[in-house]
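Only heavy atoms go into these numbers, but all of them, side chains included; no hydrogens, no water, no symmetry mates. Below, read A as the first sequence line, B as the second, and so on, with proteins coming before strands; counting in each chain starts at 1.
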Amino acid sequence: MPIPSIIAEKLVYRYGSLLAVDQISFQVASGEIFGFLGPNGAGKSTTVKMLTGQLLPQSGQMTILGIDVARHPKRVQARIGVCFELTNLYETMSGAENLHLFARLFGVRSFDADALLRRVGLDGRGKDKVEGYSKGMKQRLMVARALVNQPDVLFLDEPTEGLDPTSAQAIRNVIREEQARGATVFLTTHDMHEADMLCDRVAFLDRGTIVALDTPHTLKQQYGERMVYVEVLAPDGSLQRREIMLDRADTPAEVAALLQGEQVVTLHSAEATLEDIFIRITGRGLAS
Amino acid sequence: MTTMMLTALIAKDFKGYFANRFFALVTVLSLVAFTGLYFLLPKTVDETLALGLVLAEAPPALEAELSNADEVRIARFATSEELQAAILAGDLPVGFVFPDDLAAQLQAGTQPQVTLFLAPDVPPEFVSIYEVAVQEFVFLILGQELPIEVTETVLGPDMAGAQIAPRQRMLPLLVVFVLMVESLGLASLIASEVEAGTIRALLVTPLTMRGLFFAKGIFGSLFAFAQAALLLLLTGGLAAQPLLNLLALLAGAAMVTGVAFLIASVGRDLMSVMGWGILAMLLLALPTLSLLIPGLASNWMRLIPSHYLVDTLFRTLNFQAGWREVGVNLLVLLAYAAVLMTLGTMTLQRRFR
């Protein structure tokens with residue numbers, strides 16, 4: 001069995017009296033896209049900081065690509081790429097200059113900035129100063145910067161938050177391409193829809209602990225309820241919405257009765273979303 | 001840390017420094033302005049003593065003495081009013097008015113009244129010197145020798161006829177200012193990198209914290225050194241003891257780079273960097289005051305690191321001091337640079353975490 005790309009065992013981190021990360025353990029397989037989901041303040045960014053060698057855990061152990069992060073952070077950092085949640089680019093430098101700077105820090109000698117910029121949809125803008133970029137362009141450049149060393153493990157912290165659909169899609173495409181290249185992707189997000197689209201497995205983080213960890217499909221099967229949503233025309237001419245649970249014994253009869261007795265306008269089935277499941281497990285939404 | 005990393009970081013800092021238009025402009029302007037100021041200041045010191053004299057008739061011996069005195073320039077006036085007008089106009093600092101019947105009064109054995117007129121900026125300690133000069137005049141008028149003979153012996157370099165020109169006194173201050181301007185620019189650059197989070201991005205690469213500080217230290221020291229060396233070159237300060245002066249500048253540049261680290265560890269933005277920086281600049285400029293105003297030097301000024309740079313430059317530029325004379329200064333300056341660099345690095349590291 002191949003060594004998992006990421007192993008975290010009982011990681012703990014406190015900010016003063018606040019327990020930000022409480023004994024979390026998980027493993028991420030090589031080539032996997034792993035979603036780390038939870039609301040703001042759940043401990044996602046603190047976990048990423050520990051895994052990327054920016055913070056030392058107060059207890060617990062972690063390895064990336066079989067290397068102990070706490071003992072050899074620089075060996076680990078040479079093989080990972082990190083895209084931060086907040087934009088931290090050199091704004092007075094051009095996009096290409098930003099990439100070249102980091103390529104040289106990683107010791108990459110033959111580096112094609114234009115090709116990388118093209119991958120993230122910034123072709124033709126490499127010579128422009130970053131201060132003139134839109135938010136979406138900056139975020140795409142942040143992702144490109146995380147790729148300059150062709151990392152074996154890619155950490156992306158809320159890479160599409162607040163972006164326009166085009167920029168978000170460009171970043172999702174890059175994530176899939178990186179997986180196809182063989183990289184492991186650790187995706188931190190509170191966008192459950194995005195996690196559902198991209199991730200092989202997801203972990204739900206709430207108040208510093210992992211409350212669920214599995215594939216999106218399994219989580220939906222385990223915790224979700226499939227529904228039928230029906231819109232009917234009421235006698236007064238208004239539209240009324242009905243919800244019927246799909247997996248109960250009396251569901252066929254209930255649907256048949258509705259079709260016979262009422263004027264059905266629309267009818268469609270839907271499975272539970274990861275957000276529904278998160279709320280069901282934690283009792284609170286992602287915005288809290 | 002590889003050479004590739006080091007050159008990449010130095011090139012990045014160089015671009016970042018000049019991307020800040022304020023510091024780019026200040027850097028260029030300060031070099032031009034300080035060089036210009038140096039050349040605008042007098043290059044010689046007027047050592048002659050100028051004084052006005054109202055004296056109806058002087059004996060031939062006195063006339064001969066006055067015309068032969070190289071170090072005294074005497075302007076004669078017919079009336080007291082004319083003398084006072086000249087002093088008020090700033091043409092003379094001092095003037096003596098002897099009564100018209102001076103000779104008659106002296107022969108009669110009465111005590112003539114001599115009036116001394118002084119410009120308002122004459123230091124109080126000089127007044128008694130002028131009073132003594134009046135008495136000496138009277139001896140000359142009477143054709144008498146002084147009752148004593150004075151022998152002059154200068155201990156150390158005899159500066160008679162070779163007084164240190166104002167521009168030479170000012171030069172160490174200009175050097176400190178140039179170094180500090182670079183220091184403020186570097187502090188602002190680092191503070192902006194910390195605030196923008198770019199330092200965090202650098203530190204999740206193979207670049208170590210030590211490597212980062214090494215690169216910043218190299219950039220800051222070399223950049224400040226280059227500016228100060230250029231100033232000395234343009235002002236002729238490298239004509240004597242060039243190696244010694246360059247080493248002093250390099251140590252001084254390392255010292256202000258340490259100060260820049262300290263400022264960056266407390267400054268959040270340009271305004272706070274400027275606030276702390278000006279405080280540091282004033283402190284580091286204090287030792288130069290003792291050069292500009294001789295007699296002001298106090299022992300506690302030796303606690304200020306820049307004293308050892310200023311003193312070294314002043315002595316090499318004006319007294320041809322060599323390695324033996326200023327070697328201890330250089331060692332202390334290097335020690336201060338090491339201490340400030342270490343302190344600056346330690347305090348700044350806390351902001352990176």
**OP:** Step through the shown structure and confirm whether more than 12 heavy atoms of other residues, nucleotides or ligands are within 6.0 Å of CD on A:Gln61.
**Re:** no

Subject >> Residues of residues 192-205 of chain B within contact distance of chain A, non-hydrogen under 4.5 Å >> reply: B:Glu193, B:Ala196, B:Gly197, B:Thr198, B:Arg200, B:Ala201, B:Leu202, B:Leu203, B:Val204, B:Thr205

Original post:
What part of A:Leu89 gets closer than 4.5 Å to chain B, counting heavy atoms only: side chain, backbone, both or neither?
Top reply: backbone

Original post:
Hey, is CZ on A:Phe111 packed in by over 12 heavy atoms from elsewhere, all under 6.0 Å?
Top reply: yes

**OP:** Under 4.5 Å heavy-atom distance to chain B, tell me which part of A:Phe102 shows up: side chain, backbone, both or neither.
**Re:** side chain

Subject >> Rounded distance [0.5 Å steps], CD in A:Gln77 versus CG in B:Leu207 >> reply: 9.5 Å

**OP:** Taking all non-hydrogen atoms of both residues into account, name the closest pair between A:Leu105 and B:Pro206 and its distance.
**Re:** O-CD, 3.7 Å

Subject >> Residue pair B:Thr2 / A:Arg104, side-chain donor-acceptor N/O under 3.5 Å >> reply: no

Subject >> Engaged part of A:Lys129 at the chain B interface, taking heavy atoms whose separation is under 4.5 Å >> reply: neither

Original post:
Does a salt bridge link B:Lys12 with A:Glu97, judged by any charged N lying under 4.0 Å from a carboxylate O?
Top reply: no

Original post:
Just wondering, are more than 12 heavy atoms of other shown residues or ligands nearer than 6.0 Å to CZ in A:Arg181?
Top reply: yes

Original post:
When you look at CD of A:Gln150, are more than 12 heavy atoms from neighbouring residues, nucleotides or ligands closer to it than 6.0 Å?
Top reply: no

Subject >> Structural part of A:Phe84 lying under 4.5 Å from a heavy atom of chain B >> reply: side chain

**OP:** Please report the shortest heavy-atom distance between B:Ala8 and A:Leu101, naming the atom on each side.
**Re:** O-CD1, 3.7 Å

Original post:
Quick one: what part of A:Arg109 sits under 4.5 Å from any heavy atom of chain B, side chain, backbone, both or neither?
Top reply: both

